[in-house]
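Here is the structure we will look at, set down as structure tokens.
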Amino acid sequence: MHGAGCCPCREPPDRDNGASVPEPRCPFAGVVHVLDQDLISGFRAALAEAVATAFGEADLSALDIRLVETPNPEVGDLGFGCFPLAKLLRRSPKDIAAALAAAIELPAPFREARGVGPYLNLWLDRPAFLAALCRDVLDGERPYGTRPPGELGRIVLEFSSPNTNKPQHLGHIRNNVLGMALARLLEAAGHEVVKVTLVNDRGVHICKSMLAYQRWGDGATPESTGTKGDHFVGDYYVKFCQEAAADESLEEQAKEMLRRWEQGDEEVMALWRTMNGWVERGFDETYRRLGVAFDRVYHESETYRFGRDIALAALGQGHCQRLPDGAVEIDLTADGLDKKILLRRDGTSVYMTQDLGTAVRRFEEWQPEAMFYVVGSEQIYHFKVLFLVLQRFGYAWAEQCRHISYGMVHLPEGKMKSREGKVVDADDLMTEVEAISGQAIREKHPDISADELAARQHEIALGAIKFFLLNVNLEKDITFDPAASVSFEGDTGPYIQYAHTRICGILRKAGPAAGTIASQTRRQPLSPLPRCNANPPHAVPVADFAQLGSDDEVALGRLLMEFPKVVAEAARTRNPARIAGHVLDVARSFTTFYHGHPVIQAASPGLGAARLALCRATAAVLKQGLALLGIEAPEQM
RNA sequence: GCGCCCGUAGCUCAGCAGGAUAGAGCGGCGGUUUCCUAAACCGCAGGUCAGGGGUUCGAAUCCUCUCGGGCGUACCA
């Protein structure tokens with residue numbers, strides 16, 4: 001029951017126990033030139049004419065036109081609810097839908113419109129629709145669903161920000177995985193993203209590991225004990241906490257060591273450098289396995305002094321007050337927050353101080369359009385204060401800062417507690433899930449090479465772990481379910497990967513050129529029927545989209561069509577779960593199609609070739625969607 | 001006390017800039033393999049969307065109150 005300060009940092013102490021800022025520029029401000037948009041603009045024009053014909057002139061420019069999925073294919077392929085028109089035209093939506101159905105003249109690839117209750121439902125020329133879709137996905141100028149890089153502003157994205165006194169656990173994995181996914185997502189939306197982290201490498205918690213090592217380490221090293229550096233150091237942290245429960249003087253000794261550290265005591269500094277080196281090398285290994293990388297690594301040991309200077313300068317400018325005991329405080333009560341200490345009475349820095357320094361340095365270094373912090377929801381208040389203090393200090397860019405908060409990960413039996421070793425260790429989890437996937441692979445491929453097995457089991461295991469964490473909305477806490485997190489069935493990463501491998505299997509069998517789209521058909525939006533054919537080289541059947549158009553194929557096509565919109569929306573709301581859900585829908589829709597419709601053995605070569613194009617388009621979306629989540633799409637499982 | 005978040009099927013979660021009978025997965029029950037990998041597919045059962053008020057033609061979705069749960073409210077991080 002030693003107070004809360006056992007491990008101070010970006011990651012909150014191991015205890016016992018915003019949003020109105022202006023958005024950065026809209027990630028999809030420009031026209032997304034894909035089928036989805038073509039359909040809407042085509043429909044909008046036709047709608048305007050039909051309204052004029054049936055009801056006289058009306059201004060529809062403010063109307064947000066959305067074409068929605070119908071409850072079932074019998075009532076149409078897409079639906080338009082006439083509710084917003086009802087107000088404008090002062091008629092019932094039902095009457096409007098009926099009148100418009102009679103008056104509207106739709107462009108390709110629409111085929112027909114009918115009033116179904118308050119909805120104006122649309123039937124597609126399915127072959128034309130699917131052909132145009134495949135062309136968009138397979139023959140676009142850039143990866144489907146992404147915007148040109150650098151089209152939008154630069155964003156500095158902080159995530160991970162570990163303590164160097166212990167190894168990372170499942171909670172850190174959620175942070176790391178979210179950070180990487182957000183980086184990919186923002187990049188896909190056209191931002192330039194600078195991935196940064198802040199290593200919390202100084203403070204009393206670090207000294208605790210050091211003290212324990214000094215007393216009980218006996219000269220051991222990670223090498224001599226064959227222990228990964230971060231685990232090695234973490235063991236001494238746990239040791240300290242155990243011993244401190246019986247010996248109260250240890251806490252005081254840790255504080256004394258911190259004072260010596262701040263004075264630059266050579267012996268302490270040397271030990272600190274050695275032990276931090278061990279930890280960081282251990283982290284590098286974990287990051288490598290997780291697929292995490294940074295463009296710039298900040299260390300708190302470098303930035304905390306800078307924060308102190310900023311606080312003192314602000315004091316000089318009257319932004320804060322010096323208390324009688326010498327501490328420096330800022331009063332935020334006028335803005336509905338509390339008072340906040342920025343420098344302790346002994347002049348040392350607190351958590352807030354170093355974050356001020358880090359933020360200012362970071363902004364000067366990158367001149368970004370926005371700075372995002374991926375940090376757990378328990379620090380919402382901290383960031384509220386941080387941003388407000390920056391603003392008070394005159395940094396106008398403070399309003400471009402955003403805390404991307406997310407819920408905690410806890411165990412079925414409660415919170416994870418590093419001090420008590422009650423954690424799901426990151427490295428252990430990866431190893432365990434890899435073993436499980438490896439076993440499944442060996443059953444299917446007894447003769448697989450060791451290298452191939454290692455690569456595949458890793459991709460699948462990480463797919464399972466990452467998807468498990470990303471398929472939940474940010475704000476929700478996650479209860480770690482050991483069985484569900486290592487499961488490869490149902491709504492999981494491997495389920496999606498599997499769908500992808502099935503397509504790869506078909507494409508392998510069909511040959512390299514099968515299902516590709518000839519480039520001469522590029523982008524003549526909705527040109528009448530599919531001159532869009534499979535690539536000519538020898539003997540590859542020409543895709544005959546005219547034979548395509550089952551309910552399953554259209555349902556799949558509609559999901560593929562929505563992908564760019566989903567990417568933009570996910571980036572705008574900074575919500576990787578949106579991508580996860582959609583990719584899952586695509587995978588499910590594909591497997592349904594796949595089971596009901598033979599591709600290679602299709603009724604005719606032309607139909608088979610058209611289905612191959614659809615398969616290829618699906619694979620592209622699955623792979624791209626998974627990539628945004630930081631998940632690999634293996635070709636075989 | 002005050003602030004923020006969460007409360008949807010037995011379990012884990014989608015859906016929430018209001019709109020067509022509330023969707024998945026797991027678990028349960030019943031089917032599918034001479035056919036492109038069954039890590040799959042199909043079907044059945046299962047919900048007064050925590051509860052009360054309100055706004056609206058229409059509310060799981062917006063407002064308000066209540067009840068549960070979590071987090072925060074340090075000269076810890």
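Chain A is the first sequence line, chain B the second, and so forth, proteins listed ahead of strands; every chain is numbered from 1.
Comparing B/G58 with B/U21, their C1' atoms are spaced 15 Å from each other, to the whole Å. Nucleotides B/U61 and B/G1, compared at atom C1', are 31 Å apart to the nearest Å. Spacing between B/C65 and B/C57 at atom C1', rounded to whole Å, works out to 26 Å. Spacing between B/A9 and B/G51 at atom P, rounded to whole Å, works out to 10 Å. Separating the P atom of B/G19 from that of B/A60 is a span of 10 Å, rounded to the nearest Å. As rounded to the nearest Å, B/A50 and B/A45 have C1' atoms that lie 24 Å from one another. For the P atom pair drawn from B/A20 and B/C49, the interatomic distance equals 16 Å after rounding to whole Å.
Within 4.0 Å (heavy atoms only), A/V350 reaches sugar-phosphate atoms of the nucleic acid but no base atom. Among the atoms of the strands shown, none is found under 4.0 Å from any heavy atom of A/T492. Residue A/S92 is classed as having no contact, given no heavy-atom separation below 4.0 Å to the nucleic acid. No contact: A/L198 has no heavy atom under 4.0 Å from any strand. Nucleic acid contact class of A/R588 (heavy atoms, under 4.0 Å, all strands): sugar-phosphate only. Contact annotation for A/N121: base contact, defined as any heavy-atom pair under 4.0 Å involving a base atom.
Distances shown here put every side-chain N or O of A/N473 at or beyond 4.0 Å from the OP1 or OP2 atom of B/C13. Applying the 4.0 Å criterion to OP1 and OP2 of B/G7, one finds that A/K476 has a side-chain N or O inside that range.
Comparing atom distances between the A/Y119 side chain and each of B/A20, B/U37, B/G72 picks out B/A20 as nearest. Proximity note for A/Y495 (side chain, C-beta onward) versus B/C6, B/C41, B/U37: the nearest is B/C41. The side chain of A/Y381 has B/G72 as its nearest neighbour among B/U37, B/G72, B/A74. Considering only side-chain atoms of A/Y498, the nucleotide from B/A38, B/C41, B/A20 that sits closest is B/A38. In this structure, of B/C36, B/A39, B/G70, it is B/A39 that holds the atom nearest to the side chain of A/I460. Closest to the side chain of A/P494, from the set B/A39, B/C75, B/U37, is B/A39.
Of the nucleotides present, B/G3 is the one that pairs with B/C71 by Watson-Crick or G-U wobble criteria, both distances under 3.5 Å. Pairing for B/A60 is absent, judged as Watson-Crick or G-U wobble with the two contacts each under 3.5 Å.
Comparing A/H445 and A/D338 by the nucleotide of RNA chain B that holds the closest heavy atom to each, the one mapping nearer the 5' end is A/H445. Each of A/H382 and A/K444 was assigned the nucleotide of RNA chain B with the nearest heavy atom; the assignment lying further toward the 5' end belongs to A/K444.
Of the options A/N175, A/I478, A/L629, a side-chain contact (heavy atoms from CB on, under 4.5 Å) to A/L469 is made by A/I478 and by none of the others.
When atom types are taken as modelled, the side chain of A/D331 and the backbone of A/K339 share no donor-acceptor pair closer than 3.5 angstrom.
For A/D491 against B/C13, a side-chain-to-base donor-acceptor contact under 3.5 Å is absent.
With contacts defined as side-chain heavy-atom distances shorter than 4.5 Å, the pair A/V385/A/I330 does not qualify. Inter-residue side-chain proximity for A/K415 and A/K422 is flagged as unmet; no heavy-atom pair is nearer than 4.5 Å. For the pair A/L343/A/T348, no side-chain contact is recorded, criterion being any heavy-atom separation below 4.5 Å from C-beta on. Between A/H169 and A/F480 there is no side-chain heavy-atom pair separated by less than 4.5 Å.
With its ring centre under 5.5 Å from that of the base six-membered ring and a plane angle below 30°, A/F83 counts as stacked on B/G19.
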